[in-house]
Amino acid sequence: MASAKPRIKVPKSAAKGEVIEIKTLISHKMETGLRKDKDGKVIPRQIINKFTCSFNDKLIFSSDWHPAVSANPYMSFHIRATESGKLDFSWHDDNGETYSKSADLTVA
Amino acid sequence: MSRMESPSQVSRRHVLVLTGAAAAAAGAGLLPGIALADKAGVEAAIRKAVGGATLQSGRITLELPQIAENGNTVPIGIEVDSPMTGSDYVKSVHIFAEGNPNPEVASIHFTPTNGIAKASTRMRLLKTQNVVAVAEMSDGSVYREAVEVKVTIGGCGG
């Protein structure tokens, strides 16, 4: 799943103290490890098991995912904008790969 | 229920019951040999996540459809009532499903920077079941909320 494509939606700017919503989505099949192929062989599990978000290198939000999280996992959450900075998002795949994306937030 | 039914009515009921059982078995056949989580499984998973804390009610709002047509992607929103300050905030919310192959769905970890303890995602539900959310506060208190979701077409292998 080297083609996992992360997408994020972050407001470009926010007022100081404002709580803003952040939306994230990544293309990934989230293979549960419970399905069988047509020959009856179990298709091995391969999911994104962890999602993290840091602001100016400080972890501010994370989530552990199990196979019950849908394919192309979506996650939305909020942050209180106190200063301008950089948001870093990472998705950790069972296969050891990490997919990343970042965004700048300007606080007026 | 009347016990004065004629034999023909009883046998008709039996036929209906058997048909239902066969349909359920066919549904289960999608995932042969996989045991499903249940209330006890979720209870054990909750204990694993939060230890022996008392589960209080309130503070959690769960946003889930009453009826999910497609169990492969059921939107879930959670919000926990909290000031989200440095000394009083929601640490984690764990989501469980009583009728999936595994009880765990996701654990969400907040910090005071989040401003509000509110998040949403999408989950798989194999069949009609209760979805349970458990919230751990920074002071060690724990809250629990559950909502039943009716699933029309189950998500395979959630």
Side-chain angles (χ1 to χ4, degrees), chain A residues 14-26 28-37 40 42-83 85 87 105 107, chain B residues 29-37 45 49 63 68 70-79 83-85 89-126 129 131 155-158:
Chain A
K16 196 173 169 65
E18 188 185 352
V19 174
I20 54 169
E21 186 178 28
I22 292 172
K23 293 177 176 176
T24 73
L25 185 71
I26 185 164
H28 195 284
K29 61 194 169 183
M30 295 293 277
E31 188 61 59
T32 61
L34 300 170
R35 294 198 312 150
K36 293 181 177 175
D37 63 18
V42 172
I43 304 169
R45 175 182 131 153
Q46 192 196 342
I47 67 167
I48 291 170
N49 55 55
K50 194 170 185 67
F51 165 77
T52 63
C53 174
S54 299
F55 181 64
N56 289 342
D57 297 325
K58 186 180 155 229
L59 184 70
I60 57 160
F61 181 89
S62 68
S63 186
D64 305 312
W65 291 345
H66 296 270
V69 171
S70 300
N72 303 326
Y74 167 84
M75 187 96 232
S76 79
F77 57 97
H78 297 73
I79 64 166
R80 189 187 300 280
T82 50
E83 55 177 335
L87 286 157
L105 176 69
V107 174
Chain B
L30 290 171
L31 293 166
I34 292 169
L36 298 185
E63 251 179 69
N70 179 1
N72 274 313
T73 171
V74 181
I76 171 171
I78 49 144
E79 183 165 9
M84 295 302 274
T85 60
Y89 62 97
V90 182
K91 274 168 65 179
S92 299
V93 175
H94 308 280
I95 304 166
F96 303 98
E98 286 183 355
N100 272 3
N102 295 301
E104 295 92 356
V105 176
S107 294
I108 296 167
H109 309 292
F110 294 101
T111 63
T113 309
N114 294 122
I116 52 175
K118 185 177 180 184
S120 61
T121 183
R122 294 176 192 142
M123 66 190 285
R124 291 169 167 144
L125 290 175
L126 181 63
Q129 58 181 287
V131 173
C156 199

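We name chains A, B, ... by the order of the sequence lines, and we start the count at 1 in each one.
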For this session: Between chain B and each of A/Ile79, A/Ile22, A/Ile60, A/Val19, count heavy-atom pairs under 4.5 Å; write down the option with the most.
Result: A/Ile60

For this session: Could you tell me which portion of A/Ala71 (side chain, backbone, both or neither) has an atom closer than 4.5 angstrom to a non-hydrogen atom of chain B?
Result: both

Exercise. Any idea which heavy atoms bring A/Pro67 and A/Ile47 closest together, and the distance?
Worked result: N-CD1, 3.8 Å

Exercise. What residue in B/Ser107, B/Ala119, B/Gly115 has the most heavy-atom pairs under 4.5 Å with chain A?
Worked result: B/Ser107

Exercise. Can you list every salt bridge (charged side-chain N to carboxylate O under 4.0 Å, His left out) pair that touches residues 45-73 of chain A, not counting sequence neighbours?
Worked result: A/Arg45-A/Asp94, A/Lys50-A/Asp64

For this session: Look up atom CD1 in A/Ile43 and atom CG in A/Leu34, then write down how far apart they are to the nearest 0.5 Å.
Result: 10.5 Å

Seminar exercise, completed: Turns out that what part of B/Val93 lies under 4.5 Å from chain A's heavy atoms comes down to neither

For this session: Under 4.5 Å heavy-atom distance to chain B, tell me which part of A/Leu25 shows up: side chain, backbone, both or neither.
Result: side chain

For this session: Please round to the nearest 0.5 Å and tell me the distance separating atom OG of B/Ser120 and atom CD1 of B/Ile76.
Result: 9.5 Å

Seminar exercise, completed: Ranked by heavy-atom pairs below 4.5 Å to chain B, first place among A/Gly17, A/Ala81, A/Ser63, A/Ser76 goes to A/Ser76

Exercise. Among all residues two or more places apart in sequence or in another chain, which pass the ring pair (Phe, Tyr, Trp, His ring centres under 6.0 Å) test with B/Phe110?
Worked result: A/Phe61

